[in-house]
Amino acid sequence: MEALSSRFEPDLDKAYEILRDGLSGVALDSTRQELKLSEGASDLELARSLLGLAAASSLGELGKGTRAPDSEPPPDDEEANSTQSADRSLVGRIGKSGRDGVKLEEIDIASLTDIAVGGSLKQRRAALARIGEMLDELGRDELRQVTEMLDSVRDVELALDLESLRERLGGARGRSARADKENWRKSVQKLSGTVDVFWDGEHVGEPFLAMEGEARARILLRVRELPDALCAHLCAVLEGDDGTTSREDRRALLESLRFAADPRLLPTLVTLLDSGSSPIVVEAARSLRRLDDARALPALQRAYDRNAVHETRAVVASALGEHGDTRGLEYVRELLEHDSDATVAAALEALDTLGGREDTKVVVALLDRRGVKRAALHTLARIGDARALEELHRIAQTGRSGADVALAEDAIAAITARMRLRGEDAAEEGHTSSFAIEEHEERPRTSAGIRFRAFRRYIAGLFWLALSAKRRGIGRLEMAAELRPEWAQPRALIGLTYARQGRHAKAISAFRRALESDHIAVERNPVFARALATSFLKRAEEVERDGRRDVALGLLGEALDIDLRRTPAALRFELQRKRRELKRLVSGKSAARLSIGGTR
């Protein structure tokens, strides 16, 4: 270092200016001479020398206690720091540098599983990666803790991390996950050929957008494992370089990449963030929030300072919070009092990364506001304050919507995991899960004779279905359901049969009746839950093609009111994405009608 800096007296200010503004269009002969480079030295050699010089000068300043004169001094009191850094418990010290920091290598498997449930997004991903490193060394009891955690965590954001762990397990879970991975590989291989044909001009439609929604979501939730060529294709389409994809389609594709967290997308996401279009900026910011790369921070800071639209600025503030910048905290707290549900929901999204215990009371109060209730439930899970438990248990026990109950139970699980990590008492005495309450409710009981007759018809229905006599089998199941109205199994099986035949409208009708009989039995059965969610999605796509977007929107909303935790992550993601897309289209159509009406 000393030898490098003692050869000459370099103009450091000029060097930093060149590095900041770039090499193009600048006369650099004198700089080459100063750096002892030949006249024919390439720009690459020049850039390397400049970077070496800058690094050497920076290293020389280490330990001198200097600080730029225009920078603000660090706050003296701890409360001036962000809410995240104020947590001195194990949760707040995980991943921190310095004497007080805690490394994941120092944490046992029980605490790692709690972090995977109740930590921040970065902590949860890191904990899952660490569990993967330890997996081959775990004992039977530790492996059981991991499998229980994998069964309970169903966050779409962690889909790839969770699947990577499941693939390494033994038994049915591992076989199923490995089979899914193999099917994914085959789909990617086929897609690669289609993409090549598309760029050769022999294929009209963009291959990803031409896929069915669930199939596309399944592939894009594993973007980090895609070949470089497919990732480059995605970037080109998002930037409009293909010349065929509409702006709305590019936005839909960008929305599908929300949880990708692939550093290869960074340059494209930054370009889109600087585009100035609010809908695109929002989705680019959400993608950058999940990307653990320091290069995203300057772009997000520019976007925050540049945007004035409340929803856009709040989402950018959320992304900044994930990267450790809390400048938007007071701003989003003020937005919680806004009249618009969309604005309040965006502010709650920001509190996922910026919020702390002092925000709990305000967020709990928003649980009574129907339009933002689910956003508030999600935020309470991330804040992790035990004072919210009482209200969360109330929703879990009395919630009318399966989706509300699921979100409340997930929030309870996250908060109690954090309590265990903090050494607090996580006992839930006096609270009973909603499942237990439903299962022990007094239900109308039919006589033993009628139950036997119903069961006999149910078995007959299974027999005829096994022989592919679908009509006769469904008839027997209908008889069983009529004899025992409180029994959901026959109607759910009818719905499953119709779903496998591709008769989604009839499947929905049967599933609705099954849910009315016993929604817990249907929602807790992974086979029924998946067929139900798929039927709602496929039927929504069918009626949308017929021009009935409002009907499609209603179907998707109905599906998302159900507890879908036991359905695949890609299916849940696509239901949510499709609903957001249709809401935008319906809102845009309504606005256009109002505009036309006003000009008459």
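No hydrogens, no waters, no symmetry mates; every other heavy atom, side chains included, goes into these values. Computed from a prediction, not measured in an experiment: that's the story for all the values here.
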Novice: Distance-only check: which donor-acceptor pairs under 3.5 Å involve side-chain atoms of residues 531-538, not counting sequence neighbours?
Specialist:
{"residue": "Thr534", "atom": "OG1", "partner": "Arg530", "partner atom": "O", "Å": "2.8"}
{"residue": "Ser535", "atom": "OG", "partner": "Ala531", "partner atom": "O", "Å": "2.8"}
{"residue": "Lys538", "atom": "NZ", "partner": "Glu212", "partner atom": "OE1", "Å": "2.4"}

Novice: Is it true that Asp136 and Arg168 have a side-chain N and a carboxylate O under 4.0 angstrom from each other?
Specialist: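 Looking at Asp136 and Arg168, the cut-off is met.
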
Novice: Hey, is Arg125 close enough to Asp161 for a salt bridge, meaning N to O under 4.0 Å?
Specialist: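 Answer for the salt bridge query: yes.
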
Novice: Using salt bridge (charged side-chain N to carboxylate O under 4.0 Å, His left out) as the criterion, point out the one residue from Arg418, Arg420, Arg124 that pairs with Asp114.
Specialist: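 Only one of Arg418, Arg420, Arg124 forms a salt bridge (charged side-chain N to carboxylate O under 4.0 Å, His left out) with Asp114, namely Arg420.
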
Novice: Does the pair Leu253 and Leu220 meet the rule for a side-chain contact (heavy atoms from CB on, under 4.5 Å), with working shown?
Specialist: CA-CA 9 Å; Leu253 186 58; Leu220 293 182; 4.0 Å; yes

Novice: Mark yes or no for whether Glu163, through its side chain, and Leu160, through its backbone, hold a donor-acceptor pair below 3.5 Å.
Specialist: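 Between the backbone of Leu160 and the side chain of Glu163 there is no qualifying donor-acceptor contact (under 3.5 Å).
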
Novice: Do you know which two heavy atoms are closest between Ala350 and Ser318, and how far apart they sit?
Specialist: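 The answer is CA-CB, 3.4 Å.
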
Novice: Under the side-chain contact (heavy atoms from CB on, under 4.5 Å) rule, what do Leu575 and Arg579 come out as? Steps first, then yes or no, please.
Specialist: CA-CA 6 Å; Leu575 282 165; Arg579 188 187 183 209; over 6 Å; no

Novice: Answer yes when Glu248 and Arg584 have at least one side-chain N-carboxylate O distance shorter than 4.0 Å, and no when they do not.
Specialist: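 Salt bridge: yes.
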
Novice: Would you call Arg250 and Glu239 a salt bridge, using N to O less than 4.0 angstrom?
Specialist: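 Here Arg250 does not pair with Glu239 in a salt bridge, since their nearest N and O are not under 4.0 Å apart.
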
Novice: Are Glu283 and Arg577 close enough for a salt bridge, meaning some N to O gap below 4.0 Å?
Specialist: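 Looking at Arg577 together with Glu283, the answer is no, because their closest N to O distance does not fall below 4.0 Å.
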
Novice: Return the minimal non-hydrogen interatomic distance between Leu351 and Ile383, and the atom names on each side.
Specialist: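 Looking at all heavy atoms of both residues, the closest pair is O-CG1, 4.3 Å.
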
Novice: Should the pair Asp518-Arg524 be classified as a salt bridge under the 4.0 Å nitrogen-to-oxygen rule?
Specialist: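 Salt bridge flag = no for Arg524 with Asp518.
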
Novice: Under 3.5 Å, is there a donor-acceptor pair between the side chain of Ser401 and the main chain of Asp561?
Specialist: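 Present.
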
Novice: Walk me through it: do Leu121 and Thr353 pass the test side-chain contact (heavy atoms from CB on, under 4.5 Å)?
Specialist: CA-CA 9 Å; Leu121 178 59; Thr353 63; over 6 Å; no

Novice: About how many Å separate CD of Glu574 and CG of Leu221, when rounded to the nearest 0.5 Å?
Specialist: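 So the gap between those two atoms works out to 10.0 Å.
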
Novice: Taking NZ, NE, NH1 and NH2 as the nitrogens, is one of them in Glu255 or Arg251 under 4.0 Å from a carboxylate oxygen of the other?
Specialist: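 A salt bridge is absent here (no side-chain N lies under 4.0 Å from a carboxylate O).
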
Novice: Describe, in one word, how the ring planes of His233 and Phe208 are oriented to each other, choosing from parallel (under 30°), tilted (30 to 60°) and perpendicular (over 60°).
Specialist: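 Correct class here is parallel.
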
Novice: Any side-chain heavy-atom pair from Ile474 and Glu478 closer than 4.5 angstrom?
Specialist: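 The answer is yes; the side chains approach within 4.5 Å.
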
Novice: Could you check whether Arg565 pairs with Glu409 (Lys NZ or Arg NE/NH1/NH2 to Asp/Glu carboxylate O, under 4.0 Å)?
Specialist: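 Salt bridge present between Arg565 and Glu409.
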
Novice: Is it true that Arg218 and Asp180 make a salt bridge, defined as a side-chain N closer than 4.0 Å to a carboxylate O?
Specialist: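 Not counted as a salt bridge, because no side-chain N and carboxylate O are separated by less than 4.0 Å.
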
Novice: Between Ser277 and Arg247, do the side chains contain an N or O donor and an N or O acceptor separated by less than 3.5 Å?
Specialist: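 Present: a donor and an acceptor within the cut-off.
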
Novice: Passes side-chain contact (heavy atoms from CB on, under 4.5 Å), Leu273 versus Ile280? Steps please.
Specialist: CA-CA 7 Å; Leu273 192 71; Ile280 297 294; over 6 Å; no

Novice: Does some side-chain heavy atom of Asp274 sit less than 4.5 Å from a side-chain heavy atom of Val270?
Specialist: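 Touching, per the 4.5 Å side-chain cut-off.
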
Novice: State whether Glu516 and Arg513 are salt-bridged, where the test is any N-O pair (Lys NZ or Arg NE/NH1/NH2 against Asp/Glu carboxylate O) under 4.0 Å.
Specialist: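 The answer is no: the pair does not qualify as a salt bridge.
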
Novice: Tell me if a side-chain donor or acceptor on Ser111 pairs with a main-chain N or O of Ile107 at a distance below 3.5 Å.
Specialist: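 No; zero donor-acceptor contacts below 3.5 Å.
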
Novice: Give a yes or no answer on whether the side chain of Thr379 reaches the backbone of Leu348 with a donor-acceptor pair at less than 3.5 Å.
Specialist: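 Between the backbone of Leu348 and the side chain of Thr379 there is a qualifying donor-acceptor contact (under 3.5 Å).
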
Novice: To the nearest 0.5 Å, tell me how far Glu137 CD sits from Leu143 CG.
Specialist: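 Rounded to the nearest 0.5 Å, the CD-CG separation comes out at 12.5 Å.
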
Novice: Is it the case that the side chain of Thr194 and the backbone of Lys190 share a donor-acceptor pair, with hydrogens and angles ignored and the cut-off at 3.5 Å?
Specialist: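 Yes; at least one donor-acceptor contact below 3.5 Å.
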
Novice: Donor-acceptor check, side chain of Arg173 to backbone of Gly170, threshold 3.5 angstrom: yes or no?
Specialist: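 No: the side chain of Arg173 does not pair with the backbone of Gly170.
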
Novice: Check this for me: Arg548, atom CZ, are more than 12 non-hydrogen atoms of other residues, nucleotides or ligands nearer than 6.0 Å?
Specialist: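 Count not over threshold, so no.
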
Novice: Could you give the distance from CZ (Arg290) to CG (Leu257), rounded to the nearest 0.5 Å?
Specialist: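 Atom-to-atom, Arg290:CZ and Leu257:CG are 12.5 Å apart.
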
Novice: Take atom CD of Glu133 as the centre, draw a 6.0 Å sphere, and report whether it contains more than 12 heavy atoms from other residues, nucleotides or ligands.
Specialist: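 For Glu133, atom CD is crowded (more than 12 foreign heavy atoms under 6.0 Å).
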
Novice: Return yes if some donor-acceptor pair links the side-chain N/O of Arg374 with the main-chain N/O of Leu407 below 3.5 Å, else return no.
Specialist: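 It does not hold such a pair.
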
Novice: For Leu150, does its backbone N or O pair with a side-chain atom of Arg166 as donor and acceptor, under 3.5 Å?
Specialist: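 Yes, the answer is positive, given that a donor and an acceptor are paired below the 3.5 Å cut-off.
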
Novice: Measure from NZ or CZ of Arg222 to the centre of the six-membered ring of Trp184, then state whether that distance is under 6.0 Å and the direction lies within 45° of the axis.
Specialist: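 Relative to the ring axis of Trp184, which defines the angle, Arg222 lies inside both limits.
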
Novice: Under the side-chain hydrogen bond (donor to acceptor under 3.5 Å, both in side chains) rule, what do Arg491 and Ser517 come out as? Steps first, then yes or no, please.
Specialist: CA-CA 9 Å; Arg491 292 192 173 99; Ser517 298; 3.2 Å; yes

Novice: Can you confirm whether Asp293 sits close enough to Leu288 that some side-chain heavy atom of one is under 4.5 Å from a side-chain heavy atom of the other?
Specialist: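 Side chain of Asp293 against side chain of Leu288, heavy atoms only: no contact under 4.5 Å found.
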
Novice: Between the side chain of Glu544 and the main-chain N/O of Glu541, is any donor-acceptor distance below 3.5 Å?
Specialist: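 Looks like no, no N/O pair under 3.5 Å.
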
Novice: Whether the side chain of Lys122 engages the backbone of Glu322 through a donor-acceptor N/O pair (distance < 3.5 Å, no angle test) should be reported.
Specialist: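 Judged by distance alone, yes, a pair lies under 3.5 Å.
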
Novice: Return yes when atom CZ of Arg472 has more than 12 non-hydrogen atoms of other residues, nucleotides or ligands closer than 6.0 Å, and no otherwise.
Specialist: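 At most 12 heavy atoms, drawn from other residues, nucleotides or ligands, come within 6.0 Å of this atom.
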
Novice: Is it true that Arg178 and Glu167 make a salt bridge, defined as a side-chain N closer than 4.0 Å to a carboxylate O?
Specialist: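 The answer is no: the pair does not qualify as a salt bridge.
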
Novice: For Arg580, does the CZ atom have more than 12 heavy-atom neighbours from other residues, nucleotides or ligands under 6.0 Å away?
Specialist: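 Yes.
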
Novice: Got a salt bridge between Arg566 and Glu523, using NZ or NE/NH1/NH2 to carboxylate O under 4.0 Å?
Specialist: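 Salt bridge: no.
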
Novice: Salt bridge or not for Glu349 and Arg286, using N-O below 4.0 Å?
Specialist: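 Looking at Arg286 together with Glu349, the answer is yes, because their closest N to O distance falls below 4.0 Å.
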
